[in-house]
There are 2 protein chains.
Amino acid sequence: MSKIERHGGGMMRDRKAKAEPRARSKIASITTVAERAGVSIATVSRIVNGIAKKASPETVAKVQRAIAELGYRPVSVGRALRLRESRIVAVLAANLSNPTMAAIAASAESALRQAGYVMVLCDTHDRADLQDEYLLEMRALLVRGIVMLAAVSSPGLDDFVQAKEPILFVNRRGPGSRTSFVGVDNKQAGSEVAAHLLKLGVTQTAVIHGSLGSSATAERLAGFLEAMASEGHRLAPHHVRTAEVSDHLMIGLNATRSLLEFGSPPHGLFCLSDLIAYGAHKALQEAGLSSPEEVRVIGFDDNPLNNWLAPWLTSVKVPYREYGTAILEGLETIWSGAPPRHVLLRHHLIVRMAGANPE
Amino acid sequence: MSKIERHGGGMMRDRKAKAEPRARSKIASITTVAERAGVSIATVSRIVNGIAKKASPETVAKVQRAIAELGYRPVSVGRALRLRESRIVAVLAANLSNPTMAAIAASAESALRQAGYVMVLCDTHDRADLQDEYLLEMRALLVRGIVMLAAVSSPGLDDFVQAKEPILFVNRRGPGSRTSFVGVDNKQAGSEVAAHLLKLGVTQTAVIHGSLGSSATAERLAGFLEAMASEGHRLAPHHVRTAEVSDHLMIGLNATRSLLEFGSPPHGLFCLSDLIAYGAHKALQEAGLSSPEEVRVIGFDDNPLNNWLAPWLTSVKVPYREYGTAILEGLETIWSGAPPRHVLLRHHLIVRMAGANPE
DNA sequence: CCCGTTAGGGAAAACGTTTTCCTTTACCGA
DNA sequence: TCGGTAAAGGAAAACGTTTTCCCTAACGGG
């Protein structure tokens, strides 16, 4: 205060009164601990980090007592600055309102936490500009790794990949071939769906998909179409549809509505995500078509709620729970300097046959 | 390398070969910018932070050019260390597999991001020990604020509240009365549900709830029971149920199953979360009971998927989307030093009447 | 001509770590 | 006794900021 008084008046102050770092309850720093234990901060640091052979048992005991008494915990920020790397891992998700992505993010959080990391979660809303902004922000945070949970292609992303930043791609592959990846075998899954329908004798099929910019979408579609074609069934162009909206639910609804305007409905409808399938289901209901009896709807992801709310929906289950550890391992591979790997998690086709009215 | 060679062999190394901070592509620091622009780092800092009246227009131009050329962005960690406070806001959620919490977290992320903050998201799994561990970790990160998205009571939490750490409680109230809160008026909502049922002539009702440790649960229940009682309807003890599991879906399933063992089913079933309602619905189906015709099921939260998958479920809609800005405002209130406030967001009862078989 | 003010900007400290050197003992073998 | 080595631990630098002082030059008023 006295320093401000010197000027004699408040008019001249051109910055906000923020002045010095905020008070907040003082927390113990390594210096406090060192003083209390009567050693140097170097020794405290070594003991905290378990560097052996550098302190006598008595010293270790002294220091640990001081730590306990003061409730000391190293300030990550100091460490990060010195090491030029924090214990933070960033997860950039394309769309957190998608239950599947949210579930994968949650799984990643657990796995990262157990390994001592902290997750920063960002929603890029599938926008290239936001994604780039986030990438820069994350670099400024000195994050230890970046997990792209469904990346969109963007100039900044290319730069980061080029610069060999530690990036792991999940579900959608990264640019170029030298990127690490965790996901499912979308193409294989697509062809399994085709096989399943054919086994049921369903040959009149249609597909509804979201943006083909996503490698996952493109691969699912390719797998399905190729498997169908190899059995002699080629889908008419108007049987492979999408809609000009970004929300998958609305894609399902709108695309199915317009699909039904083209003559007789298909007997099998492959929706490239569960959300699309929900939308499709609604459109089918509107049209008085029951699923799965009249139109067999197949989704992708297998939202856990399907067991409770969508007993009519056959879906490709992706193993959310396993994503967390796979992501962690993927990051560790990157950190170890090993060449990039592609890890494919096992999926399963969950077949549900219950009618819309299950009584 | 040469330093290691000195020892002549690998046996003696007692630390991992990590040695010095990792290489990574060198990113520009404030020093680089200062040198390039031919000014001091103090000047660069002032210009970056928009401190007026301290640099001539030409200097500003020079510096900004240097910044652009180098692609400089301040390293948050350095700033955080100096200010003893980062731009990170931590969100500690009780259960990220709950779609409602995930949605609120996603909403918070957007709002925080727009205000220039970065969200760290943690899943406490409703465990006191994990929550405490996270709290300490977040303090070590020098986070600017902590959002407790459904807190569990824990010793560490009490400490933090005592220490006046900037904590905002969401959905579940914090310990003591001097804590900031954002949520809905659970009690009022509970009584509205009662009123709704009574208006429909439904007086035989039951309630299924999760842990009563949650203030939200307790308030919803109290609101409902009191409103019922005030109209002369008291629920039998076995009509207010829970189940000894943590998963809300299973609570709904198990509690409803055992409820149905007690004579005639209620005509109205208030489930204190949508997930509980989904479980209840399944149990009702098993028993051959249709909803809403025979048993009117009412949920809470109104999962966005209800419109698509649960046309039989009337539910209290909480405004997810509004949580983000409310949370941001709540934090800003705390930071401004104003006394704690309780903000109640508007809820709505969404009435759905469609039968289980909507054709 | 002198004093006071202001604009413009630099030097340096501080934030909390980790790690590299360096020093001091103590001990052991020859 | 000497030389060498190991154990134990300290001093100090560095990481990238922000901010407090401080300095200089210019300028305006008396």
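Keep in mind that the numbers below use all heavy atoms, side chains included, and drop hydrogens, waters and symmetry copies.
Put simply, CD1 on A:Ile47 is 15 Å from C1' on C:dT17, counting in whole angstrom units. With rounding to whole Å, A:Leu142 atom CG is found 15 Å from C:dT18 atom C1'. Separating the CD atom of B:Glu35 from the P atom of C:dG10 is a distance of 13 Å, rounded to the nearest angstrom. Going from atom CD of B:Glu85 over to atom P of D:dT18 covers 13 Å, rounded to whole Å. A straight line from CD1 of A:Ile41 to P of C:dT20 spans 15 Å, rounded to a whole angstrom. To the nearest angstrom, C1' of C:dG9 lies 14 Å from CD1 of B:Ile30. Distance B:Leu141 CG to C:dG16 C1': 14 Å, rounded to the nearest Å. Distance B:Arg84 CZ to D:dT17 C1': 14 Å, rounded to the nearest Å.
Look at A:Ser40 and you won't find any side-chain N or O under 4.0 angstrom from OP1 or OP2 of D:dG9. At the phosphate of C:dG8, neither OP1 nor OP2 sits under 4.0 Å from any side-chain N or O atom of B:Ser56. Checking the phosphate oxygens (OP1, OP2) of C:dG16, no side-chain nitrogen or oxygen of A:Arg79 falls inside 4.0 Å.
Using a cutoff of 4.0 Å between basic side-chain nitrogens and carboxylate oxygens, B:Arg172 and B:Asp126 are scored as salt-bridged.
Between D:dG16, D:dT19, C:dT17, one nucleotide has an atom nearer to the side chain of B:Leu83 than all others, and that is D:dT19. Nearest to the side-chain atoms of A:Leu81 among the listed nucleotides D:dC15, D:dT17, C:dT17 stands D:dC15.
In terms of position on DNA chain C, the residue among A:Arg73 and B:Val60 whose nearest nucleotide sits closer to the 5' end is B:Val60. For the pair A:Lys62 and B:Val48, both in contact range of DNA chain D, the more 5′-proximal nearest nucleotide belongs to A:Lys62.
For B:Arg82 and D:dT18, a side-chain-to-base donor-acceptor distance below 3.5 Å is present, hydrogens and geometry of angles not being considered. A donor-acceptor contact under 3.5 Å is not formed by the side chain of B:Arg46 with the base of C:dG8.
Counting non-hydrogen atoms under 4.0 angstrom, B:Thr43 reaches the backbone sugars and phosphates but no base. Residue B:Thr59 is classed as a sugar-phosphate contact, given heavy-atom separations below 4.0 Å to backbone atoms only. Looking at heavy-atom distances under 4.0 Å, B:Ala42 makes contact with a base. A:Val39 comes within contact range of the sugar-phosphate backbone alone, with a heavy-atom separation under 4.0 Å but no base atom that close. Counting any heavy atom pair closer than 4.0 Å across all strands shown, B:Thr31 reaches no nucleic acid atom.
The CG atom of B:Leu112 sits 11.5 Å away from atom CZ of B:Arg144, with the distance rounded to the nearest 0.5 Å.
Counting only distance, with no hydrogens or angles, the side chain of B:Thr124 and the backbone of B:Leu130 share no donor-acceptor pair below 3.5 Å. The closest donor-acceptor contact from the side chain of B:Arg113 to the backbone of B:Tyr117 lies under 3.5 Å.
Taking each heavy atom of A:Gly156 and A:Leu135 in turn, the nearest pair found is C-CD1, 3.9 Å. In this structure, A:Ile167 and A:Ser180 approach most closely via the heavy-atom pair O-CB, 4.3 Å.
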